[in-house]
Structure formats: C-alpha cells, structure tokens
Amino acid sequence: MDNLVNPRRVRVHKGEPQRSAPVVYWMHREFRGKDNWGLVRARQEALRLGAPIAVVFCLAPSFLGATLRQYDFLLRGLEETAESLRAANIPLIMRSGDPAEEILGLCSELHPALVVTDFDPLRIKRKWLHTLIEHSACPVHEVDSRNIVPAWIASSHREFMARTFRPKIHRHLQEFLVPYPVLDPHPHAWSSPVFSETFFSLRAGLKVDNRVQPVTDREPGETAAQAALDTFLDMRLPDYPFRNDPNKQACSNLSPYLHFGMISAQAIVLAIRRHGLDGEAVDGFIEELVVRRELSDNFCQYTQEYDKVAGFPEWARRSLERHRRDPRPYVYSDEQFDRAETHDMLWNAAQRQLVRSGTLHSYMRMYWAKKILEWTEKPEHALEIAIRLNDRYALDGRETNGYTGIAWSIGGVHDRGWSERPVFGTIRYMNAAGCRRKFDVNRYIRTWMTEQSSLLPASVQP
DNA sequence: ATCGGCTCGCGCAA
DNA sequence: TGCGCGAAGCCGAT
C-alpha cells in the first residue's frame with residue numbers, strides 16, 4: 001500500500017484517531033472492495049494504528065421509494081463484495097434499521113478509533129452523516145470516492161452550467177487521476193465477536209414493494225460491472241458518437257453499476273488510458289462520465305432543493321410561472337403515466353423500456369421528462385411524477401444524475417433559455433418530430449411495445 | 001443538408 | 001461595459 005489517499009479527498013470531522021482501536025468503514029454509496037478510496041483510507045489508518053478493520057453496511061428497510069428491483073441488485077452485488085473483503089481479511093458487518101442509529105449503536109459496542117464513510121450529497125445521507133458526527137465518540141472521516149475530483153475541491157458553489165464547471169475539473173485531473181493501490185490482505189485480523197445479519201435475514205426482513213421485480217438480463221456486482229466495461233470498450237465505444245440513437249447499442253450501460261458504486265469512474269478512465277484509447281468517441285464518453293456526472297453531484301451538493309421547483313434557476317421559474325395557466329394539450333394522472341397509457345406511442349415505449357429493463361435510454365429520458373412537463377397541470381406535479389417513476393423503476397434511481405437530469409429537462413438546470421412557447425415558456429422544447437429526424441422512431445416503438453405483458457411487473461398489468 | 005434566430009447570464013477582456 | 005458562447009432543440013428559410 002504505497003499510494004496513500006490524497007488528504008484533499010477526505011473531510012476530517014472531529015480530528016484524527018487518538019488511540020489504537022479498530023477502524024470501521026461505513027459503506028453506503030460505494031459498494032465495492034476494489035478501487036475504493038474510502039476503504040483505502042480506512043485501511044491506511046488501521047495500518048498506522050496497528051488495528052483491525054471492518055466494513056459495515058446497514059440496510060434501511062425502506063429508502064426513497066426503492067423497490068425489490070433495486071434492493072435485489074444491491075444485495076446480490078454486495079454478496080460478491082463480502083467475499084473479496086473476506087479474502088482481504090476484512091469482515092463485512094451487516095445491520096438492519098435506521099442507518100445512522102445503527103452505526104451509532106455499533107460505535108458504542110466496538111469503540112472504534114475512527115469511522116470512515118462515503119461522501120453523498122443527498123439530503124438523507126447528509127442527515128445520517130450529521131447524526132453520526134454529532135453523537136459519535138470518535139472521529140469521522142468523509143471520503144469522496146465517487147468523483148475523480150472531490151466535490152468540495154472541484155467547486156465551492158453551485159455551477160451555472162457545464163461550461164463553467166468543465167475547466168475546474170480538468171484543472172484538477174492531474175492531481176486526482178492517480179492509480180489505486182491493490183487491496184492486500186489486512187495484517188490485523190478482526191477478533192471481537194460482533195452480531196451481523198446474514199444476506200438471508202436481510203432479504204427476509206425487506207419491507208419493500210415487490211411488484212417491481214428484479215431485472216433478469218443484467219447481473220449486479222463488481223465482476224459484472226467490469227465485464228460490462230470490457231464489452232463497452234471492446235465493442236461499442238467507437239459507436240459512442242451515435243449514442244443519441246436509442247436503437248443503436250452505443251451507450252456504456254454502466255449507469256446502474258456506477259450508481260451502486262460497483263465500479264469506480266476513476267478506474268474506468270484509467271482503463272481507457274491503459275488501453276491507449278483516444279479520439280472523438282473517447283472524448284465524448286469522458287465528458288459524460290466525468291464532467292457531467294460530477295456536475296450532477298455539484299448540483300445536489302449546493303442545491304438543498306435539488307428535487308423541487310425551488311431548485312430551478314430563477315429565469316426558468318419565472319418563465320414556468322408565466323405559463324402556469326396555459327392549457328395543456330393532454331393531462332394524464334400519475335397512474336396513466338405509470339402504466340404507459342398516453343396517446344403517444346413513443347412516450348409509452350420509453351416508459352415501457354424504463355419499467356421493463358430498469359434503464360431508460362439517455363436521449364429518450366429527456367423526451368420522456370419534457371413530455372411529463374407538457375402533459376401535467378403544473379410543473380410541481382411533473383417533477384414529482386418524473387422523479388417518482390425514475391426512482392421506482394430505474395436501477396440508477398435516487399442518484400444525483402437522475403435528479404439533475406430531470407431538473408435539466410423540466411427546469412432548465414444547466415441549460416439556457418430558448419424560444420418561448422406554451423407550457424414550456426423558455427425551457428428547451430423537444431418533440432417527436434425531432435426524434436423522427438434523428439432515428440427510426442417506429443423501430444424503437446416496436447422494440448418496446450411488442451413485449452409480452454407477462455414480462456411486465458404486476459403494477460403495470462391491466 | 002445547413003444556417004440563423006430564438007433566449008439567458010456567466011466569465012472574461014477591456 | 002460589451003461580447004462570446006453554451007449538456008443533448010425546433011423551425012423555417014435557403
């Protein structure tokens with residue numbers, strides 16, 4: 001373990017560890033053993049203290065509308081991570097309940113020298129961290145293992161758009177885009193007996209909506225994530241410039257793995273460099289993987305109401321306000337959207353793709369969200385419905401990317417004004433004619449509307 | 001096929 | 001203070 005974690009990647013709360021005692025790494029955003037700065041930091045501190053280390057995971061019995069689909073993906077992936085941690089002489093302690101309370105309880109059992117944990121700008125995660133810092137007896141170190149450039153280094157404020165953020169990322173890449181150390185077995189074995197749930201008991205205790213079933217065509221976990229990356233780099237990366245055609249297989253399909261932290265974006269960039277890849281396709285991919293992904297953490301970090309109309313920029317709120325009473329061409333209920341029952345087969349196909357596959361093509365996601373704005377009575381409803389559907393069906397729901405992407409579509413976040421028109425005001429407009437200009441709309445509709453309804457979750461069956 | 005206008009405000013040059 | 005320019009577009013003119 002020669003390369004240490006850059007201290008600027010760590011926010012130190014309540015100082016440095018003072019005594020030799022176990023180190024706990026509380027994993028709640030980065031579910032991986034490999035390429036994980038939080039774990040590297042925990043191990044580095046444990047080595048310095050001559051102490052053992054344990055990883056702790058706490059399953060919240062319900063979380064921001066997550067369903068069986070997302071819990072299943074997380075837990076199956078975590079089983080594999082538990083194996084690789086065991087091989088590194090690090091136990092995975094699992095609990096169930098309110099995460100902040102459970103971690104505090106564990107701290108009073110174990111009296112750790114230090115708790116290391118993941119950075120996450122979502123409000124609920126900030127609250128967890130705040131509770132831990134407030135009440136724990138030991139220091140807490142918060143590590144940004146999500147972004148290549150730690151969010152607090154990249155920018156101290158909410159960025160106006162990608163243009164203002166991009167140079168700040170590139171300025172710091174040299175410093176932070178460094179290789180990860182290999183996770184060697186930890187020399188100090190964990191000895192104190194401590195209660196842990198099993199994967200079986202965690203599954204048995206789940207109190208979530210099981211009408212949204214796990215996806216069957218995608219395996220979770222670190223190995224599957226790596227395989228998905230290899231396939232993308234070998235087969236599809238050259239087609240990345242055509243990614244806006246949802247009929248083409250040109251996207252990375254890495255979003256679910258990135259969301260659960262089963263793969264590190266930094267490791268992806270390092271792999272691209274190792275393969276000696278460059279050119280237009282690579283530049284485009286890195287722009288999305290790094291600049292725009294990290295911009296979404298910036299938006300949520302510096303916008304308390306990242307999932308509310310109040311989080312939209314001033315000009316967009318003013319414009320939506322002026323068009324509040326515009327007649328809508330169609331108005332659908334939450335349930336009609338959910339069941340893909342609009343007049344528009346293209347929209348329905350997108351909703352079906354989301355429901356069936358757990359992902360929505362990035363281009364269609366914009367169209368999908370903008371039409372929800374157009375076909376609801378008010379922007380507040382549109383935002384609520386889009387977020388609810390995304391969080392319910394998407395494997396990468398409840399992620400900063402999702403909130404930011406929807407806020408871009410409905411609220412002009414990181415965008416500029418465009419021609420004024422009904423309902424949208426000066427928010428950028430999209431329609432099916434544009435899609436027809438760009439790709440074979442009927443083929444996309446055929447792909448997703450001819451699926452057998454038996455493959456759909458119970459909640460969308462007639 | 002390609003171009004310009006639509007519309008907004010940041011960040012930089014002056 | 002003025003000016004260039006931008007996360008994914010649309011539309012009408014040429």
Side-chain angles (χ1 to χ4, degrees), chain A residues 147 154-171 239-248 250-252 255 258 265 280-300 302-303 306 311-323 329 344 346-347 350 353 359-374 386 390 396 399-439 441 444:
Chain A
N147 300 293
S155 177
S156 59
H157 57 267
R158 169 174 165 173
E159 289 295 330
F160 180 67
M161 60 196 327
R163 173 166 59 92
T164 62
F165 187 61
R166 190 175 296 112
K168 300 185 181 183
I169 289 296
H170 286 290
R171 190 181 308 152
D239 288 335
Y240 199 69
F242 309 106
R243 63 189 170 281
N244 280 351
D245 181 343
N247 294 315
K248 285 205 165 67
C251 293
S252 74
S255 183
L258 286 164
E280 183 199 349
V282 169
D283 293 348
F285 179 61
I286 294 202
E287 167 74 10
E288 304 222 353
L289 177 74
V290 182
V291 175
R292 299 195 200 167
R293 217 183 95 270
E294 304 201 357
L295 179 60
S296 67
D297 259 31
N298 170 275
F299 174 65
C300 292
Y302 296 115
T303 311
Y306 50 78
F312 295 172
E314 182 66 32
W315 65 266
R317 269 185 293 141
R318 248 186 292 120
S319 191
L320 287 172
E321 201 54 50
R322 274 201 296 271
H323 291 270
D344 176 14
L346 181 58
W347 192 93
Q353 177 179 31
T359 59
L360 180 50
H361 186 275
S362 50
Y363 188 82
M364 290 310 299
R365 192 185 291 252
M366 300 188 284
Y367 177 81
W368 173 88
K370 283 181 181 290
K371 290 300 158 188
I372 298 177
L373 171 63
E374 194 175 5
N390 189 55
D396 61 355
E399 182 55 69
T400 55
N401 290 20
Y403 297 121
T404 309
I406 290 171
W408 178 88
S409 302
I410 294 178
V413 168
H414 300 150
D415 204 5
R416 55 191 252 232
W418 297 86
S419 306
E420 187 150 18
R421 56 164 57 242
V423 185
F424 286 79
T426 55
I427 305 276
R428 183 195 300 253
Y429 177 68
M430 285 176 77
N431 63 6
C435 294
R436 264 181 242 115
R437 278 195 295 272
K438 292 180 182 66
F439 63 92
V441 163
Y444 179 77

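Each chain gets a letter, A, B and so on, in the order its sequence line appears, and its residues count up from 1.
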>> Applying a 4.0 Å non-hydrogen cut-off, can you work out what A/Lys370 is touching in the nucleic acid: base, sugar-phosphate, or nothing?
In response: nothing

>> Using atom P in both nucleotides, what's the gap between B/dG4 and C/dC5 to the nearest angstrom?
In response: 13 Å

> NA contact type, A/Arg166, heavy-atom cut-off 4.0 Å: base, sugar-phosphate, or nothing?
Replying inline: sugar-phosphate

>> Classify A/Trp408 by what it touches in the nucleic acid, base, sugar-phosphate, or nothing, heavy-atom distance under 4.0 Å.
In response: base

> First and last nucleotide of DNA chain B touching chain A, 5' to 3', heavy-atom cut-off 4.0 Å?
Replying inline: B/dC6 to B/dG11

> What interatomic distance, in whole Å, is found between P of C/dC10 and the corresponding atom of B/dG9?
Replying inline: 23 Å

> Taking the same atom, P, in C/dG6 and in B/dC3, what whole-Å distance lies between them?
Replying inline: 15 Å

>> What contact category does A/Met430 fall into here, base, sugar-phosphate, or nothing, at under 4.0 angstrom with non-hydrogen atoms?
In response: sugar-phosphate

>> Check A/Glu374 with A/Lys370, please: is the shortest side-chain N to carboxylate O separation under 4.0 Å?
In response: no

>> Heavy atoms only, 4.0 Å cut-off, all strands: where does A/Arg293 land among base, sugar-phosphate and nothing?
In response: nothing

> How is the base pairing of DNA chain B summarised as a dot-bracket string, given the Watson-Crick and G-U wobble criteria with both distances under 3.5 Å, [ ] for crossing and | for another strand?
Replying inline: ||||||.||||||.

> If you walk 5' to 3' along DNA chain C, what is the first nucleotide with an atom under 4.0 Å of a heavy atom in chain A, and what is the last?
Replying inline: C/dG4 to C/dC11

>> Go through it in stages, so that I can follow the logic: the residues are A/Glu420 and A/Ile427, the test is side chain to side chain contact (heavy atoms under 4.5 Å, CB included), and I'd like the CA-CA distance, side-chain angles, deciding distance and then a yes or no.
In response: CA-CA 8 Å; A/Glu420 187 150 18; A/Ile427 305 276; over 6 Å; no

> Can you check whether A/His414 and A/Phe299 have ring centres sitting under 6.0 Å from each other?
Replying inline: yes

>> Before you tell me yes or no, could you show the steps for A/Gln353 and A/Tyr444 under side-chain hydrogen bond (donor to acceptor under 3.5 Å, both in side chains), namely the whole-Å CA-CA distance, both residues' side-chain angles and the distance that decides it to 0.1 Å?
In response: CA-CA 10 Å; A/Gln353 177 179 31; A/Tyr444 179 77; 2.6 Å; yes

>> As a test of understanding, state which of A/Arg243, A/Arg163, A/Arg166 forms a salt bridge (charged side-chain N to carboxylate O under 4.0 Å, His left out) with A/Glu287.
In response: A/Arg166

> Which is true for A/Ser296 with a 4.0 Å heavy-atom rule: it touches a base, it touches only sugar-phosphate, or it touches nothing?
Replying inline: nothing

> What nucleic acid atoms does A/Arg243 come within less than 4.0 Å of, heavy atoms only: base, sugar-phosphate, or nothing?
Replying inline: nothing

